[in-house]
Amino acid sequence: MTVESTAARKPRRSGAKRSTTTRDTKKQPAGQTELVQLLTPEGERVEHPEYAIDPTPEELRGLYRDMVLTRRFDAEATTLQRQGELGLWASLLGQEAAQIGSGRALNDADYVFPTYREHGVAWCRGVDPTNLLGMFRGVNHGGWDPNSNNFHLYTIVIGSQTLHATGYAMGVAKDGADAAVLAYFGDGASSQGDVAESFTFSAVYNAPVVFFCQNNQWAISEPTEKQTRVPLYQRAQGFGFPGVRVDGNDVLACLAVTKAALERARTGQGPMLIEAFTYRMGAHTTSDDPTRYRSPEERELWETKDPILRLRTLLTREGLADDAYFAELERESDALAKRVRDAVRAMPDPEDMAMFEHIYADGHALVDEERAQFAEYQASFVTAEEGI
Amino acid sequence: MTVESTAARKPRRSGAKRSTTTRDTKKQPAGQTELVQLLTPEGERVEHPEYAIDPTPEELRGLYRDMVLTRRFDAEATTLQRQGELGLWASLLGQEAAQIGSGRALNDADYVFPTYREHGVAWCRGVDPTNLLGMFRGVNHGGWDPNSNNFHLYTIVIGSQTLHATGYAMGVAKDGADAAVLAYFGDGASSQGDVAESFTFSAVYNAPVVFFCQNNQWAISEPTEKQTRVPLYQRAQGFGFPGVRVDGNDVLACLAVTKAALERARTGQGPMLIEAFTYRMGAHTTSDDPTRYRSPEERELWETKDPILRLRTLLTREGLADDAYFAELERESDALAKRVRDAVRAMPDPEDMAMFEHIYADGHALVDEERAQFAEYQASFVTAEEGI
Amino acid sequence: MAAEKMSLSKAINASLRTALETDPKVLIMGEDVGKLGGVFRVTDGLQKDFGEDRVIDTPLAESGIVGTAIGLALRGYRPVVEIQFDGFVFPAYDQIVTQLAKMHARSLGKVKLPVVVRIPYGGGIGAVEHHSESPEALFAHVAGLKVVSPANASDAYWMLQQAIDSDDPVIYFEPKRRYHDKSEVDTAAIPGPLHAARVVRPGTDLTLAAYGPMVKVALDAAAAAAEEGKSIEVMDLRSMSPIDFDTIQRSVERTGRLVVVHEAPVFLGTGSEIAARVTERCFYHLQAPVLRVGGFHSPYPPSRLEDEYLPGLDRVLDAVDRALAY
Amino acid sequence: MAAEKMSLSKAINASLRTALETDPKVLIMGEDVGKLGGVFRVTDGLQKDFGEDRVIDTPLAESGIVGTAIGLALRGYRPVVEIQFDGFVFPAYDQIVTQLAKMHARSLGKVKLPVVVRIPYGGGIGAVEHHSESPEALFAHVAGLKVVSPANASDAYWMLQQAIDSDDPVIYFEPKRRYHDKSEVDTAAIPGPLHAARVVRPGTDLTLAAYGPMVKVALDAAAAAAEEGKSIEVMDLRSMSPIDFDTIQRSVERTGRLVVVHEAPVFLGTGSEIAARVTERCFYHLQAPVLRVGGFHSPYPPSRLEDEYLPGLDRVLDAVDRALAY
Ligand SMILES: Cc1ncc(C[n+]2csc(CCOP(=O)(O)OP(=O)(O)O)c2C)c(N)n1
Ligand SMILES: Cc1ncc(C[n+]2csc(CCOP(=O)(O)OP(=O)(O)O)c2C)c(N)n1
Ligand SMILES: [Mg+2]
Ligand SMILES: [Mg+2]
């Protein structure tokens, strides 16, 4: 399976040439917004004075591969949810460039604080995709060790993690470490007080944190206009640090801008806000029904800006990847999907007594008491059954 | 007693000519900040293209009188605290221009949401000064009916009232009323998430609310640099509405800018942020000891920018007020002070049973039960005593 | 409309519709309550019929939602705000506790804040973290708030009407896993008091008190116990602040035994207050200590464990047996 | 240093100093904790001696303080944050409840958050609104937090050391009206367990349990009762989560009567849990219901009423008498 995966297949044929000017200017008042773009929807490289980048063919193929595998994994997870293997899934479909571009900008020593949708960033960090599924299956609330890959657990309460990221970055600065922190949040999250407080703290302490806002145009059913009346990247300036809007469907631009911002942070120049202008192609989660609040036309429009397709166009046109490469990647995608599917199906439910574990690091008398009572209660059934 | 009231007497003689440039530019990075000023510390009128104002002599005297009486009241309250009549007092000393200027910009139909220090605004709204003292004496948590003077109760939890103001303004807009809302907060408060959320809500709903931030340079012991690294008025822009910095010790500038902002709001042009650049001349409250964290020099510097003195200079130089006027105002001040003093001393403690009143508008069984039990408990003493 | 069988969520929708129709000052506010009709469709169709000015999609900020609702109430409106899930009420907790609850007292009664905060709460729907909590004790402890929870469609309709009519702030907890349960709603009836408990199944051996989602479990337990010859009186408490202790007391004075069930953690849950106060009131009537069945002192577990975590039939019956064994 | 008489606030200062000296990862954070040394001077001199990098004046935003402290803890630091007054903890409540309390469990134990939240609490100092509250039950109900409160200088010193040493988040409530009370602190002693209750005055007729600021009132009450020939055992609970029920139980099994006192409102206060659980554990030993003395179901009143509002000697003795009258 290639780019044309289940979830994204249908409307791509609608053609890559449709003009998007009217729509975009609706969202971006003229003159106010400059969108950093290095690769057009038509797959053309463009120059940007501030954010130059010159990836090798190998690197380009790597970014492409990351995006394809991420999308494939995501589609598989959606399928697994439909099959009842997961209780819920929050798809990243459409946001692959924003996530892979920013994720591949990271150094090993950097630290990431995701929302609940950064499956592509997790992939870049080397978190096993299967581990992401535990919480969506309902077997845990977060199935990986954040310190193994410098990738924090998913945070569901909107905006909270931006403060954790800021505090972590304050610690990085205290340690004098050569590292930065990357904090993800959404357009909806921009309204939360915690996000504003994280801007204040990071500015005052000049913390090495980069705020990466994926403006995917929607917070469940609410368009970005319900959160702000000016472009979100502008929010940063009033807190005393720069903000920039990048084409969130352009993996090269996301990579270049994030790399620059992280380097800025690592070299003591403080926080920066990146607004990745992108689109949530799927439902908010598998529980959501976007037909209730947005038009198919809008989605079709964004299909024409697909992040994967444009890089494929470039790779093909420039002769950087051939059919064999794409076929091999398809095989790899299928293998990944199968591995994930098998792993999820094999994922055992937690033991009942796990309820009483890890509530405290140093123990707690009440937990001990309740654990003992529950064990006794359960034993009473065994006894009763045995009694029969 | 005239302008030279107890609390403000000493250092004014240090002269009005001291240059303040170096200090100011420290706080205001060059070029970034324009300070709206219509009356210099030396009492000179200056023009401003956007904020013209041409008050009559009567109006100028009125502003002067408001500031003098407010300062006198404030000094009396400080004295009353020292004498044990109040548990605490939060002095507005130094902020008279910011408060009277903005307060006199209001129409009757406008609504005000203060912090705990807006005694001058309360005065403008016609709230009896005595009523302000109840909470500081400890006889109530807020002693006036907000709807009598369109002046909400003092709010102690920092920042909360900015959301109430925004909601109120949303209601004003719904009603199609010709009114605006004025929300006060401090430089410290600017860091609270609630304030950011009020910016978001007011911008999204285009609510007729003006945010008036008195940047008095300190949040208890913390200088404004602990809250922001750029001028606070700039915060507004990233939320999509204008911000302006005004000389907060210039009553004319505060009046003009607030008038314009309120009119903007009333005519459907949405929120605006005003940062009044001023100084808290006294302690944070009577519990505070500012010598622990700031230098006498800083205070002396701000003495030279005294809001009252500069207007007095203007009135005198232009022959708008004579000695008789000032003497009469001194008598009026004394009378006000005496009235407040007498009223506070006569202020009775609440009845014990008042603890159980006004917790709910529609009653609550538990409150009824506890009220009855407490009455019975108290009666048991009476009986016991009678028994003796 | 009069009597009609409807689901609990439809009853809330109908109640909101009635309120919007009856009083132009009533507003609905929250995340996704407009076009989407809420993530549970509880506000379905309301924005379409009453406009964006009365059914308001808000920015994603709970403190802002409650804070602006307070401002709107000060202006004379009667906002009904929705918190999307139980676990997301905490960003608004400051506004609720320090402002919404206290402003009436602060103003010596001059200011009234008729704000209703609707919170879908509780577990049992297989959700991820923060979507299954029962934080009612954290509100009931706070003076100035009233806290209620309906257990069936009729109460859902009427208690919401009464909450909106109340001049006090009311936290209205909706048992989300009962949203689809249907029962008769008579919109022409004259409802009883908002804060009264109700005996929903009479019995003589033990009183089993519950509210919200646990009333069904309690009734099932009583039915099961009946088959073993035990007569359990089931009480739907309906209100957690105030709690109708008079009605509980009358029942316990007859039965001599009380078991309280809720989903919320037992430790400092509403059951603790009920146990303490009923023991005080009925010290000489109680044949057994008041027993409590509820959640454990742990975060709400991953959904694959919720059947074990939530008080179900067996755990309730176990407590009943233990109480009867005294 | 060894044994020395000092005030409770000085003991906290000394304890923070020890922690800063011993462990370079310990940080102090809060509003005005630096140059000013806190509004109660509890952190006096610490910034001067340990620098702005370790004793940090923060922006005025409680959620930000706790949220960044969590981040710092994730990075390996051990932040001790100060909330300036009890009533100002609520803006941070979301971070405390949904993040600080739950992250250890969320990570299946991989992440530890050794964060201490210091909160001066309680009334009796003649303050304005929001400066005199006792919100401990709102934290004790939440799994993942530990909640303690010292009643004297020695405990203030040692319990804070232990809280900082703990790998769990600890909410450390400081009885602000006892800040100036002096007693012996032996900084070389070996402290008992952090969460153990302690009998501070033995007695045989009734157990009187208190914590924080009310321990002194309880001791005074016991002394007064002794003059009337009543032998009251006073227990300093010290920890509200967990509560040391074993020690309470042992006492009540001997005395047969229990009165619990706290400043917090009685309704759903910690006393309710103690009453409920002790009644369960000691059903056949109790000669009287567990009685509770505490605040009323009202906002903390204006300070001129606080003497009536706060449980004082008379109200405690009244409850003691009522309990003994059974
Ligand atoms: C505090 C809080 N309130 C509400 C929710 C419910 N909720 C989950 S996702 C979401 C929308 C988030 O939108 P955005 O920040 O744009 O991120 P996206 O889902 O688009 O990636 C909402 C309202 C939540 N998780 N947390
Ligand atoms: C939420 C909250 N946190 C802390 C406090 C304690 N406090 C009272 S005033 C104050 C400083 C406020 O500074 P600023 O906003 O600049 O107003 P100013 O006092 O200078 O007028 C603080 C920290 C509070 N009242 N509320
Ligand atoms: Mg979004
Ligand atoms: Mg200030």
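Letters A, B, ... are given to chains in the order of the sequence lines, protein chains preceding strands, and every chain is numbered from 1. Since this is a predicted model, take the numbers as computed values, not measurements.
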So how far is it from [X] [atom1] to [Y] [atom2], rounded to the nearest 0.5 Å?
{"X": "B/His164", "Y": "C/Leu113", "atom1": "NE2", "atom2": "CG", "answer": "8.5 Å"}
{"X": "B/Glu197", "Y": "C/Glu62", "atom1": "CD", "atom2": "CD", "answer": "8.0 Å"}
{"X": "C/His104", "Y": "B/Glu357", "atom1": "NE2", "atom2": "CD", "answer": "9.5 Å"}
{"X": "B/Asp175", "Y": "C/Arg75", "atom1": "CG", "atom2": "CZ", "answer": "4.5 Å"}
{"X": "C/Thr68", "Y": "B/Asp194", "atom1": "OG1", "atom2": "CG", "answer": "10.5 Å"}
{"X": "C/Ile70", "Y": "B/Thr166", "atom1": "CD1", "atom2": "OG1", "answer": "12.0 Å"}

So what's closer than 4.5 Å to chain C heavy atoms on [X]: side chain, backbone, both or neither?
{"X": "B/Ala365", "value": "both"}
{"X": "B/Gln161", "value": "neither"}
{"X": "B/Ser202", "value": "neither"}

Under the side-chain contact (heavy atoms from CB on, under 4.5 Å) rule, what do C/Arg277 and B/Leu366 come out as? Steps first, then yes or no, please. CA-CA 11 Å; C/Arg277 206 166 286 247; B/Leu366 177 59; 3.4 Å; yes

Indicate yes or no for a side-chain donor-acceptor contact from B/His141 to the backbone of C/Arg106 under 3.5 Å, with no hydrogens or angles considered.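 No.
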
Exam field: side chain C/Asp167 to backbone B/Asp362, donor-acceptor pair closer than 3.5 Å: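 Judged by distance alone, no pair lies under 3.5 Å.
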
So with a 6.0 Å cut-off around [atom1] of [X], is the heavy-atom count from everything else above 12?
{"X": "C/Glu52", "atom1": "CD", "result": "no"}
{"X": "C/Glu21", "atom1": "CD", "result": "yes"}
{"X": "B/Glu369", "atom1": "CD", "result": "yes"}

Would you say C/Leu74 and B/Pro146 make side-chain contact, with heavy atoms under 4.5 Å?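 They are not in contact (no side-chain heavy atoms under 4.5 Å apart), so the answer is no.
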
Within-4.5 Å side-chain heavy-atom neighbours: B/Tyr205 and C/Thr58: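 Of all side-chain heavy-atom pairs linking C/Thr58 with B/Tyr205, at least one is under 4.5 Å.
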
Contact origin within [X] toward chain B - heavy atom pairs under 4.5 Å:
{"X": "C/Ala61", "answer": "both"}
{"X": "C/Lys102", "answer": "neither"}
{"X": "C/Asp246", "answer": "neither"}
{"X": "C/Thr98", "answer": "side chain"}

Do C/Ser241 and B/His364 have a side chain donor and acceptor closer than 3.5 Å?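 A donor-acceptor contact under 3.5 Å links the two side chains.
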
Non-hydrogen atoms of [X] and [Y] that approach each other most closely:
{"X": "B/Ile359", "Y": "C/Ala143", "result": "CG2-CB, 4.2 Å"}
{"X": "B/Tyr360", "Y": "C/Gly144", "result": "OH-N, 3.0 Å"}
{"X": "B/Ser160", "Y": "C/Gln95", "result": "O-NE2, 3.4 Å"}

Return the option, out of B/Thr162, B/Val204, B/Asn140, B/Val172, with the maximum number of heavy-atom pairs under 4.5 Å with chain C.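 Highest number of pairs under 4.5 Å: B/Val172.
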
Assess the residue pair B/Lys174 and C/Tyr77 against the criterion (side-chain contact (heavy atoms from CB on, under 4.5 Å)); give the C-alpha distance rounded to whole Å, side-chain angles, the decisive distance to 0.1 Å, and a yes or no. CA-CA 10 Å; B/Lys174 275 182 205 306; C/Tyr77 286 87; 3.2 Å; yes

Of the listed residues (C/Lys25, C/Arg54, C/Lys110, C/Met29), which shares the most heavy-atom pairs with chain B below a 4.5 Å separation?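 Counting heavy-atom pairs under 4.5 Å, the top option is C/Lys110.
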
